[in-house]
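Down below is the structure, laid out as structure tokens.
Along the sequence shown, residues carry numbers from 1.
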Amino acid sequence: MAEISGLVLPFFGLIFVGYITARLRPHAAGEGAGDAMGWLNTFIIYLALPALFFKLVSKTPIEQLTRFDFVFTSMGVTYTIFALVFAAGYVIRRNSLAESTVQGLAGAYGNIGYMGPGLALLALGEPAAVPVALVFCFENVLHFMVAPAMMALAGDEKSSAGPLVVGIAKKIVLHPFILSTLAGVVAAAIGFQPPVAVQRLIDYLAQAAAPCALFAMGVTLALRPLKRIPAEIGYIVPAKLVLHPVLMYLVLSFTGNFEPVWVQTAVLLASLPTATNVFVIGQQYGVWQERASATILITTVLSVATVTMLLYLISSGALPADLFP
């Protein structure tokens with residue numbers, strides 16, 4: 001357990017450091033903090049994390065990059081959680097279609113961009129890189145499609161079908177994480193090796209990805225103080241932090257012949273708290289914004305305990321990678 005604590009405490013500690021820094025320097029909010037965070041996020045999203053994805057994927061045998069059985073199974077589990085949370089909001093709570101959509105994303109859309117790569121690689125090593133990249137790319141493609149499509153059905157998306165489809169396609173094709181992963185796949189396929197100087201630059205950027213992303217996440221949480229606790233937290237939190245990883249584990253164990261590290265990686269990613277992008281989506285459409293922010297903060301705080309427990313179960317062997325040998 002001490003080894004798990006040594007892994008988890010620095011990881012979540014970076015989020016905490018970012019949070020405390022932003023809380024202790026409130027004057028910065030009026031003195032360009034938004035600009036500073038914008039540049040930090042730009043560095044993370046457009047340089048550091050893409051470099052990390054390219055570095056790891058490009059060194060992977062090409063046959064491992066085409067495991068679509070793994071992709072479709074993991075996405076099926078994630079969107080089963082989305083459907084359950086959406087139904088709870090729409091049918092039981094009588095929320096609007098748009099509000100239920102954001103709630104569904106809050107229950108299914110984990111922080112696989114900022115938290116996923118760093119935690120998975122620290123906990124499971126470089127073999128976790130490929131399943132992380134596959135889950136991230138394909139789940140985000142689906143998220144980019146589902147959110148605007150559902151908002152269009154709800155009547156909150158004003159674009160006609162043509163511009164809507166073009167906008168979704170641009171978000172998918174031009175996303176830096178997806179572009180860098182595709183570049184890594186091409187490099188792996190043709191055996192491309194960057195020149196030493198270029199590889200060293202990629203290494204520098206990749207090494208900065210996890211700590212910068214976690215610090216930025218802590219600052220972001222601090223700048224969105226908890227104003228109200230939504231009633232929907234009662235089913236979103238257990239769906240995101242408990243049901244999602246449990247269902248991912250059971251389905252992957254039952255349906256496929258996957259490497260143990262792939263199963264463990266998918267379960268770990270499923271256990272992560274609600275992504276900050278859910279707030280961005282809510283803000284974009286003017287739906288469930290404050291409650292989305294509260295959900296992100298609450299699931300992040302509680303995930304310290306749930307993710308720690310999951311990592312302990314994996315490392316101790318109490319959670320076998322194949323439940324149905």
Determine, using the 4.5 Å side-chain heavy-atom cutoff (strictly less than), whether I62 and V71 are members of one ILVMFWY cluster. yes
Here the gap from K240 atom NZ to I233 atom CD1, rounded to the nearest 0.5 Å, amounts to 12.5 Å
Quick check for you: to the nearest 0.5 Å, what is the distance between L272 atom CG and Y114 atom OH? 14.5 Å
If we count only N and O atoms by modelled type, under 3.5 Å, do the side chains of T78 and H244 hold a donor and an acceptor together? yes
Under 4.5 Å between any side-chain heavy atoms of M115 and V307, yes or no? no
Return the CG to CG distance between L250 and L247, rounded to the nearest 0.5 Å. 6.5 Å
Flag yes if I296 and L241 sit in one hydrophobic cluster, no otherwise; membership is Ile, Leu, Val, Met, Phe, Trp, Tyr, and two members link when side-chain heavy atoms are under 4.5 Å apart. yes
Please tell me if the side chains of L252 and Q264 come closer than 4.5 Å, counting only heavy atoms from C-beta onward. no
Value for CG (L124) from CG (L311), rounded to nearest 0.5 Å, stands at 7.5 Å
Hey, would you say the Y79 and H143 ring centroids sit under 6.0 Å apart? yes
M150 side, atom CE; L153 side, atom CG - distance, nearest 0.5 Å: 6.0 Å
According to a hydrophobic-cluster definition based on side-chain heavy atoms being under 4.5 Å apart (Ile, Leu, Val, Met, Phe, Trp, Tyr only), do V263 and F68 belong together? yes
I'd like to know whether Y235 forms a side-chain contact (heavy atoms from CB on, under 4.5 Å) with L84, so could you lay out the CA-CA distance, the side-chain angles of the two residues, the decisive distance to 0.1 Å, and finally the verdict. CA-CA 10 Å; Y235 55 83; L84 290 173; over 6 Å; no
Residues, nucleotides or ligands: over 12 heavy atoms within 6.0 Å of Q199 CD: yes
Heavy atoms, side chains only, cut-off 4.5 Å: are F136 and L269 in contact? no
Got a sec, which pairs hit side-chain hydrogen bond (donor to acceptor under 3.5 Å, both in side chains) with one end in residues 308-321, sequence neighbours left out? none
I'd like to check S74 versus F138 (side-chain heavy atoms, cut-off strictly below 4.5 Å). Are they in contact? no
With side-chain contact (heavy atoms from CB on, under 4.5 Å) as the criterion, how do Y109 and T274 come out once you've worked through the C-alpha distance, each side chain's angles and the decisive distance to 0.1 Å? CA-CA 6 Å; Y109 195 174; T274 303; 5.7 Å; no
Any chance you could measure F279, atom CZ, to T295, atom OG1, to the nearest 0.5 Å? 11.5 Å
Exceeds 12 heavy-atom contacts within 6.0 angstrom, atom OH of Y90: no
Are L52 and L201 in one and the same hydrophobic cluster, where Ile, Leu, Val, Met, Phe, Trp and Tyr link if side-chain heavy atoms are under 4.5 Å apart? yes
Within the 4.5 Å heavy-atom criterion, are L310 and L319 side-chain neighbours or not? yes
Beyond-backbone contact of F192 with V186, side-chain heavy atoms, under 4.5 angstrom: no
W262 and P127 have their tightest heavy-atom pair at NE1-O, 4.4 Å
Would the distance check show the side chain of T66 and the main-chain N or O of E63 forming a donor-acceptor pair, the cut-off being under 3.5 Å? yes
Q207 versus D203, side-chain donor and acceptor atoms under 3.5 Å: no
If you measure from the Lys or Arg side-chain nitrogens to the Asp or Glu carboxylate oxygens, is any gap between K59 and E126 under 4.0 Å? no
Is there a side-chain contact between Q64 and E259, using heavy atoms and a 4.5 Å cut-off? no
Mark yes when over 12 heavy atoms from residues, nucleotides or ligands other than M145 sit less than 6.0 Å from its CE; otherwise mark no. no
Note: I112 and P117 closest approach over all heavy atoms is O-CD, 3.2 Å
